[in-house]
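Heads up, the thing below is written out as structure tokens.
Values below: every heavy atom of this structure, side chains too, minus hydrogens, waters and symmetry copies.
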Amino acid sequence: MPEHDPARTLVFHPNARSVVYFGAFRLDLADGLLSRGGEEIRLPPRALAILQHLVERAGRIVSKQALMDAAWKDAHVSETSLTEAIGIIRQTLGDDPQHPTFIQTVHRRGYRFIAPITTDAPPSPAETPPPVTVAPSSPVPDAPSAQPTPMRTRSRAIVAALAVATLAAAGVGLWIARGAADVPEVIRVSVEVPADQAPSPGPTAHPAIAISPDGERIVYVGGDGESARLYLRDLDRFEATPLAGSEGAHGPFFSPDGRQVGFFADGKLKTIDVTGAAQPPRVICATPTGVGGAWLSAGDIVFTPDWTGPLLRVPAGGGEPSVAAAPGPGLSYRWPDRLDDQTVIATRWRSSADDAAVVAISLPSGREEVIAQPATFGRAIGGRDIVFVRGGDVYTLRLEAHRPAGTPVRVLPAVLTGMTGAAQFAVSASGSVLYIPDVPQRAERALQSVDLAGRAAPLHIAPRAFREFAVCGERIAATIFERGETDLWAGDAGRTAMTRITHQGSAFAPEWSPDCRTIAFGWNRTGITNMYTVDVDSGADPRVLFESPRTEVPGSWSVDGRWLAYIHDSPETDRDVWLRDRSTSQRRPVIVTDGMELVPRLSPDARYVAYETNVSGRFEVEVASIQTGARVQVSSGGGAWPAWSADGRELFFLHDTTIMRLDVGEQGGRLLPGNPVPMFTHPDIVLFRSDGTRFVWSKRLGETAPLTRMNLILNWTSELQTRIP
């Protein structure tokens with residue numbers, strides 16, 4: 001039988017019982033049956049409809065809308081539903097989305113079935129279908145068993161409540177392989193929440209969701225900005241309840257008995273009871289940020305206080321925390337989870353998700369054992385297995401004596417993951433998983449050029465997950481976040497494509513030299529962020545400007561290229577403004593306060609520096625004299641991203657979503673700034689840069705949109721057991 005030509009579309013006679021073979025699989029299009037090696041593989045009905053639609057159009061790009069129409073017909077669904085269905089198909093086929101064998105993602109257009117296909121003639125009653133003899137190019141794991149097992153009455157109530165709530169919301173998202181009368185072993189449902197209560201985690205967000213150990217209630221951070229707080233929902237109920245006193249919360253985690261939830265807010269670790277009458281949260285201890293916590297059954301909480309800290313331990317009733325474990329130089333811990341009462345797993349972070357590791361840490365000794373690398377956000381399952389994130393996908397791994405005893409297996413594709421390694425998924429001790437699917441376009445931002453009158457025009461550069469950027473004439477340098485890394489890229493405003501410069505670690509704060517040839521930037525490739533420079537036109541590799549045991553991040557060059565203002569991280573005074581003389585390589589502090597200084601911008605004559613500082617309790621813009629250090633606050637009610645006009649007589653900064661302008665004058669050698677006045681406002685502006693004659697700003701596209709759907713898989717771990725070798 002001739003091999004299928006991927007450039008053609010299969011056409012099947014409507015009365016024929018057409019059977020298709022691809023790889024080691026057999027698909028009966030008439031009966032909708034997928035099998036492998038003679039055994040039927042059950043797919044959810046809509047996933048099966050999508051697979052069949054793709055196979056029938058093999059070799060052609062099928063639009064996302066066409067696939068949603070085929071699977072959901074007249075029901076209105078989002079692309080998230082389609083993404084999940086494609087993920088389920090890929091899991092079943094053992095397909096890798098990065099190196100696909102069966103289903104290829106065509107960016108912004110849809111999907112294409114790319115595997116060679118053969119078809120057989122409709123068999124007579126005396127004939128049987130020929131055996132599949134084509135072996136896949138790589139081993140394909142067997143699909144999970146679909147044999148039903150009894151479930152508890154309360155679990156049935158949860159499924160029923162979620163099914164009704166989901167159908168009432170949109171009639172979508174209930175992934176059940178069989179009818180309600182025959183509850184399957186593994187059940188997939190979607191949890192819909194109102195937009196005003198929905199999570200909206202950004203690229204640098206903390207974990208926003210948690211599921212109780214028995215899998216029967218969830219807690220999540222809902223709302224945005226000042227409205228953000230914790231919501232509690234029992235899964236056999238339709239509505240969630242806001243938890244009073246949890247405003248500003250992040251990183252929720254349950255106690256072992258499921259009666260309390262720990263979280264971070266207002267610079268404190270707090271706990272709150274979620275089972276009885278409403279009570280105010282209890283303050284456990286102070287902590288600068290709180291980068292993940294885990295509750296031990298013995299009554300202690302382990303947590304990470306900040307992005308560079310060790311692992312701390314504190315009594316759950318409150319007290320002074322003590323160090324539980326400290327990582328090596330240039331390393332930090334984050335996102336701990338309980339493996340057992342003597343061991344926690346945590347993410348050991350160096351520079352990015354690309355070189356992070358999930359480690360098991362012995363609490364009595366502080367000794368660590370690497371479980372997986374690269375890996376972030378490890379979660380324990382029953383003290384024996386773990387799941388973790390790699391490249392935005394979830395993998396599982398078997399442990400023996402707290403050590404890996406096999407090869408990681410991908411079990412859940414495309415989970416929402418941030419720049420910090422935090423992933424939006426949670427696993428219960430009972431074996432359920434709750435997660436928010438990834439929406440890649442959510443992190444994208446568009447760059448626009450804006451004249452001084454506020455007239456905006458998009459640049460030719462395509463929207464990307466831009467974090468920071470700098471402009472010099474028509475040249476653009478930007479840091480872009482993709483799949484766990486933030487790399488430095490360079491391009492031109494008139495071209496769509498950009499060139500990638502770094503390929504490991506994370507890059508920060510790019511700044512052009514005055515001749516628009518060299519980029520200075522911060523890079524943590526060694527675990528400590530030092531300053532590097534790269535000559536874009538030479539093709540040479542980046543070179544370290546100078547090495548330091550503390551974080552160093554560039555701010556701006558003087559017009560003549562002699563001076564470089566930068567941020568120096570001091571253990572005593574946090575982050576301060578320093579100045580480097582490029583001709584002599586000498587360095588000296590300029591602004592040293594008890595607060596944090598950021599984004600220093602030298603005036604065109606290099607006599608003044610504008611910068612952000614939180615010395616007043618919130619970030620404001622100040623201007624200081626380079627010679628005397630005399631400081632003047634110029635913003636009120638918040639300010640960020642200062643920028644000078646070309647002649648140095650005006651200063652611009654961002655106040656919320658409004659670009660402000662103020663005159664800058666002198667009298668008797670003393671700086672006399674005027675009052676700021678608004679120039680123009682854009683609701684989605686993130687940051688802006690100016691070359692003195694125009695602005696370039698980045699604006700959010702979907703970053704703050706609420707995520708009204710979370711996916712829940714009940715009894716998920718029984719499915720994992722079929723995947724672990």
**Prompt:** Taking atom CZ of Arg500 as the centre, does the number of heavy atoms from other residues, nucleotides or ligands within less than 6.0 Å exceed 12?
**Reply:** yes
**Prompt:** Hey, does the side chain of Ser63 reach the backbone of Ala66 with a donor-acceptor pair shorter than 3.5 angstrom?
**Reply:** yes
**Message:** Can a donor-acceptor pair be found, under 3.5 Å and without considering hydrogens, that links the side chain of Gln424 to the backbone of Ala208?
**Reply:** yes
**Thr502: partners by side-chain hydrogen bond (donor to acceptor under 3.5 Å, both in side chains), with sequence neighbours left out** = Asp487
**Request:** Could you give me the CA-CA distance, side-chain angles and deciding distance for Ile61 and Tyr111, then say whether side chain to side chain contact (heavy atoms under 4.5 Å, CB included) is met?
**Result:** CA-CA 6 Å; Ile61 299 173; Tyr111 298 91; over 6 Å; no
**Complete:** Heavy-atom closest pair (Leu712 atom, Leu714 atom, distance to 0.1 Å) is CD2-CD2, 3.7 Å
**Prompt:** Are Glu40 and Leu33 side-chain neighbours, meaning at least one heavy-atom pair lies under 4.5 Å?
**Reply:** yes
**Polar side-chain atom of Arg379 near backbone of Ile345 as donor-acceptor pair, under 3.5 Å** = no
**Prompt:** Who passes side-chain hydrogen bond (donor to acceptor under 3.5 Å, both in side chains) against Gln65, sequence neighbours left out?
**Reply:** Asp69
**With Pro194 via side chain to side chain contact (heavy atoms under 4.5 Å, CB included) - residues at least two apart** = Asp196, Gln197
**Message:** What I'd like to find out is whether the side chain of Ile211 reaches to under 4.5 Å of the side chain of Val427, using heavy atoms alone.
**Reply:** no
**Message:** Closer than 3.5 angstrom, by distance alone: can the side chain of Arg445 be matched with the main-chain N or O of Phe466 as a donor-acceptor pair?
**Reply:** yes
**Message:** Under a 3.5 Å distance rule, please check whether Gln91 uses its side chain to pair with a backbone N or O of Val411 as donor and acceptor.
**Reply:** yes
**Prompt:** Got a donor-acceptor contact below 3.5 angstrom from the Asn524 side chain to the Ser506 backbone?
**Reply:** yes
**Prompt:** Taking Asp95 for the side chain and Phe102 for the main chain, is one N or O donor matched with an acceptor at less than 3.5 Å?
**Reply:** yes
**Item:** Residues forming a side chain to side chain contact (heavy atoms under 4.5 Å, CB included) with Pro408, sequence neighbours excluded
**Value:** Phe388, Arg390, Tyr395, Leu397
**Item:** Distance-minimising heavy-atom pair for Thr420 and Trp335
**Value:** O-NE1, 3.2 Å
**Asked** With sequence neighbours left out, what residues match Glu444 under side chain to side chain contact (heavy atoms under 4.5 Å, CB included)?
**Response** Arg108, Gln441, Pro463, Leu701
**Asked** Taking everything shown except His503 itself, do over 12 heavy atoms lie less than 6.0 Å from its NE2?
**Response** yes
**Message:** Checking Thr499 now: which residues fulfil side chain to side chain contact (heavy atoms under 4.5 Å, CB included) with it, not counting sequence neighbours?
**Reply:** none
**Prompt:** What is the minimum heavy-atom distance between Arg410 and Asp393, and which atoms define it?
**Reply:** CD-OD2, 3.4 Å
**Item:** Heavy-atom pair with the smallest gap, counting every atom of Met498 and Gly491
**Value:** CE-N, 3.8 Å
**Message:** Whether the side chain of Ser35 engages the backbone of Glu39 through a donor-acceptor N/O pair (distance < 3.5 Å, no angle test) should be reported.
**Reply:** no
**Prompt:** How close do Leu488 and Ala507 get, heavy atom to heavy atom, and via which atoms?
**Reply:** N-CB, 3.9 Å
**Request:** Look up atom CD1 in Ile381 and atom OG in Ser428, then write down how far apart they are to the nearest 0.5 Å.
**Result:** 9.0 Å
**Request:** Side-chain contact test, heavy atoms from C-beta onward, threshold under 4.5 Å: evaluate it for Ile519 versus Pro542 and give yes or no.
**Result:** no
**Request:** State, yes or no, whether a side-chain contact exists between Leu434 and Tyr220 at a heavy-atom distance under 4.5 Å.
**Result:** no
**Asked** Looking at Ile103, Ile89, Ile88, which one forms a side chain to side chain contact (heavy atoms under 4.5 Å, CB included) with Ile50?
**Response** Ile89
**Item:** Steps toward side chain to side chain contact (heavy atoms under 4.5 Å, CB included) verdict (Leu459, Ile476)
**Value:** CA-CA 10 Å; Leu459 301 182; Ile476 304 286; 4.3 Å; yes
**Derivation and outcome, side chain to side chain contact (heavy atoms under 4.5 Å, CB included), residues Ile187 and Asn715** = CA-CA 7 Å; Ile187 302 176; Asn715 208 17; over 6 Å; no
**Request:** Give a yes or no answer on whether the side chain of Thr496 reaches the backbone of His460 with a donor-acceptor pair at less than 3.5 Å.
**Result:** yes
**Prompt:** Can you tell me how far OG1 of Thr479 sits from CZ of Phe469, rounded to the nearest 0.5 angstrom?
**Reply:** 10.0 Å
**Asked** When rounded to the nearest 0.5 angstrom, what distance separates CZ in Arg90 from OG1 in Thr101?
**Response** 10.5 Å
**Message:** Using side-chain heavy atoms (C-beta onward) and a distance below 4.5 Å, is Pro201 in contact with Leu707?
**Reply:** yes
**Asked** Does any N or O in the side chain of Thr347 come within less than 3.5 Å of the main-chain N or O of Val358, such that one atom is a donor and the other an acceptor?
**Response** no
**Request:** Output, in order, the C-alpha distance, side-chain angles, deciding distance and verdict of side chain to side chain contact (heavy atoms under 4.5 Å, CB included) for Leu27 and Leu29.
**Result:** CA-CA 6 Å; Leu27 177 61; Leu29 297 167; 3.7 Å; yes
**Asked** Side-chain contact, heavy-atom cut-off 4.5 Å: Phe425 with Asn711?
**Response** no
**Prompt:** Do Asp385 and Leu399 come within less than 4.5 Å of each other through their side chains, counting heavy atoms only?
**Reply:** no
**Asked** Atom CZ of Arg350 and atom CD of Gln373: how far apart are they, to the nearest 0.5 Å?
**Response** 8.5 Å
**Within-4.5 Å side-chain heavy-atom neighbours: Thr105 and Ile86** = no
**Complete:** Rounding to 0.5 Å, atoms CE (Met68) and NE2 (His53) come to a distance of 11.5 Å
**Exercise: identify the closest heavy-atom pair between Leu51 and Leu43** = CD2-CD1, 3.9 Å
**Fill in**
The reported gap from OH in Tyr435 to CG in Leu416 (rounded to nearest 0.5 angstrom) is 12.0 Å
